[in-house]
Number of protein chains: 2
Amino acid sequence: MNMKEFSSLVGLSSYTLRYYEKIGLLKNVQRNSSGHRVYTSKDLRWIEFVKRLKDTAMPLEEIQEYARLREAGSSSVLQRQALLEKHKRNLIDHITQQQSHLADLEDKIDLYKKGKVR
Amino acid sequence: MNMKEFSSLVGLSSYTLRYYEKIGLLKNVQRNSSGHRVYTSKDLRWIEFVKRLKDTAMPLEEIQEYARLREAGSSSVLQRQALLEKHKRNLIDHITQQQSHLADLEDKIDLYKKGKVR
DNA sequence: CGTTGACTTAGAGTTAACTCTAACTTGTAT
DNA sequence: ATACAAGTTAGAGTTAACTCTAAGTCAACG
């Protein structure tokens, strides 16, 4: 799969994909005879995973750390699990806080609906 | 209330508070005889509201827009309500997506727990 | 065979949201 | 009175995460 197809498939610009490779988020991307990148379904699954971590507010630096651990092989399995479990706790806290903010926002909108805001 | 007290009460640095004032997020802050800022409980309620919008990922530019509308008085009530209702829809979408990501993350962690990750 | 479009690189530029610095003034404690 | 903490301003610097530019290569099309 070439740059253009992969880019539109994952919804990231070619700039961003090259940037991710540059900072080590995406490794060992294959090249064809003319030096162009060739993406595989393995790259697709990895980028989708990276996107989910990013969308749940994990900094790229921490995703890099996960990538580095993965690169290190089986010996890092426990560290990777711990990293994801920490992220899960953060995510749960985040969702809880967003729900509380939503309730506050609904209260505020109710004041507008009742004409109590001037 | 002086800068230091207000700063620690709202959890924003003095730098940030001055910055918010500079960009028009915080208006008409009172001054004492020596030119130092004096914050009121009205400022406190407003900043807490701003913080909630910010924590729910509303860009400062859009919060500025709300501030501007508020400044314009009663004639902008409907616009402000519409802005908050749009934000509410965004927030609900965000929470839904985060919950879905959480489920995916839990699945991934389960793979680790079952020793299915190498 | 020449243009078009997609690709390559290194490195510069952008954006949002702060965060800090320099130079200075003012209020409080010893 | 003098040190020290806290405040002031304008404007410069930082950070994360892109985003773009310049200069070039390469394959396919008419």
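Chain naming here is simple, since letters A, B, ... match the order of the sequence lines and numbering starts at 1 in each.
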Item to complete: With rounding to the nearest 0.5 Å, note down the distance linking OG in A/S7 to CZ in A/R37.
Response: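 Between A/S7 OG and A/R37 CZ, I get 12.0 Å after rounding to 0.5 Å.
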
Fill in: Value rounded to 0.5 Å, distance of NE2 in A/H87 from CD1 in A/I92
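Answer for the NE2-CD1 pair, A/H87 versus A/I92, is 10.5 Å.
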
Phosphate-side-chain proximity, [X] and [N], N/O vs OP1/OP2 below 4.0 Å:
| X | N | result |
| --- | --- | --- |
| A/T16 | D/dC18 | no |
| A/R18 | C/dG11 | no |
| A/R31 | D/dT25 | no |
| A/R37 | C/dT8 | yes |

Discussion item. Quick check: A/H94 with B/H94 (ring centres under 6.0 Å apart)?
Written reply: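 They qualify: ring centres under 6.0 Å apart.
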
Discussion item. Using heavy-atom distances to pick each residue's nearest nucleotide on DNA chain C, tell me which of A/K22 and B/L60 is more 5'.
Written reply: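 Nearer the 5' end of the strand: A/K22.
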
Practice prompt. May I ask you to say whether B/R18 pairs ionically with B/E21, meaning some side-chain N is under 4.0 Å from a carboxylate O?
Written response: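 A salt bridge is absent here (no side-chain N lies under 4.0 Å from a carboxylate O).
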
Nearest-Å distance for atom pair [atom1]/[atom2], residues [X] and [N]:
| X | N | atom1 | atom2 | result |
| --- | --- | --- | --- | --- |
| B/Y15 | D/dA6 | OH | P | 12 Å |
| A/L25 | D/dA16 | CG | C1' | 13 Å |
| B/L17 | C/dC18 | CG | C1' | 12 Å |

